[in-house]
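We number each residue from 1, following the sequence as shown. Everything quoted here is computed from the prediction, not taken from an experiment.
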Amino acid sequence: QVQLVESGGGLVQAGGSLSLSCAASGRTFSTRAMAWFRRAPGKEREFVAGISWRGVRTYYADSVKGRFTISRDNAKNTVYLQMNNAKPEDTAVYYCSAQKQPFTTVVGPTTEYEYWGQGTQVTVSS
């Protein structure tokens, strides 16, 4: 069982930066691949970025590639999403998620994710 709590959301102007954090609890956190998803108003949940259990392999949605960076610090049980050059279309509730199986390096949008946080709101103004 893994519990996740997101933080760091808020209001940022277009072109600005914002850092999100996901604090995890559970003995097996360091063995699980993680990802960030988001849900914009009136839209379905969208995959944003994923990272393997060791933090070496990453995968980004085309819409954020080159602007967002996912990272993790297993010693702190924390996953991060650094958002640079934010755009109004990035406005959404951002969710942290952990995969069900440990030691996973497949971190794309079709991979099974079992554990979810409550989300943190990110609003990008024009």
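- Within the 4.5 Å cutoff, no side-chain heavy atoms of Q99 are placed close to those of F103.
- Around the CD atom of Q13, the shell of radius 6.0 Å holds no more than 12 heavy atoms that belong to other residues, nucleotides or ligands.
- Residue L81 is not grouped with residue W53 when hydrophobic side chains (ILVMFWY) are merged at heavy-atom distances under 4.5 angstrom, including chains of intermediate members.
- Between F47 and Y59 there is a side-chain heavy-atom pair separated by less than 4.5 Å.
- Across all non-hydrogen atoms, the minimal contact from T78 to S21 is CG2-CB, 4.3 Å.
- Although no hydrogens or angles enter the test, the distance criterion places no donor-acceptor pair under 3.5 Å between the side chain of T69 and the main chain of Q82.
- R54 and R72 make their closest contact through C-CD, 4.5 Å (heavy atoms, listed as atom of the first residue, atom of the second, distance).
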- Would V107 and I51 count as a side-chain contact (heavy atoms from CB on, under 4.5 Å) if you check the C-alpha gap in whole Å, the side-chain angles of each, and the deciding distance to 0.1 Å? CA-CA 6 Å; V107 294; I51 187 167; 5.6 Å; no
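- Within the 4.5 Å cutoff, the side chain of V12 has no heavy atoms near those of the S17 side chain.
- S52 places no side-chain N or O within donor-acceptor distance of the main-chain N or O of T105, the cut-off being under 3.5 Å.
- The side-chain heavy atoms of N74 and F29, taken from C-beta on, include a pair separated by under 4.5 Å.
- Residues F37 and V79 fall into different hydrophobic clusters, defined by Ile, Leu, Val, Met, Phe, Trp and Tyr side chains chained together at heavy-atom separations under 4.5 Å.
- Within the 3.5 Å criterion, the main-chain N or O of E89 finds no donor-acceptor partner in the side chain of T91.
- Between P88 and S126, the shortest heavy-atom contact is CG-OG, 3.6 Å.
- R67 is listed as a side-chain neighbour of D90, based on a closest heavy-atom distance under 4.5 Å.
- Hydrophobic clustering, with ILVMFWY side chains joined whenever heavy atoms are under 4.5 angstrom apart, groups Y115 together with I70.
- Across A24 and V2, no two heavy atoms sit closer than the pair CB-CG1, 4.5 Å.
- Relative ring orientation between F68 and Y94 is described as tilted, the plane-to-plane angle lying within the 30° to 60° band.
- At least one side-chain heavy atom of T120 sits less than 4.5 Å from a side-chain heavy atom of L20.
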- Item | Test side-chain contact (heavy atoms from CB on, under 4.5 Å) applied to S63 and R38, step by step | CA-CA 12 Å; S63 60; R38 66 186 181 187; 3.5 Å; yes
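- Side-chain atoms of Q121 never come within 3.5 Å of backbone atoms of G10 as a donor-acceptor pair (strictly under, hydrogens ignored).
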- Are R39 and E44 close enough, and set up right, to give a salt bridge (charged side-chain N to carboxylate O under 4.0 Å, His left out), and what steps lead you there? CA-CA 6 Å; R39 186 188 295 275; E44 294 299 315; 3.6 Å; yes
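- Within the structure, every pair that satisfies the disulfide (SG to SG under 2.5 Å) test and touches residues 17-103, not counting sequence neighbours, is listed here: C22-C96.
- Looking only at side-chain heavy atoms (C-beta outward), V48 and Y60 stay at 4.5 Å or farther from each other.
- Looking only at side-chain heavy atoms (C-beta outward), M34 and L4 come within less than 4.5 Å of each other.
- The hydrophobic cluster containing Y95 also contains Y113, counting ILVMFWY residues as joined when their side-chain heavy atoms lie under 4.5 angstrom apart, directly or transitively.
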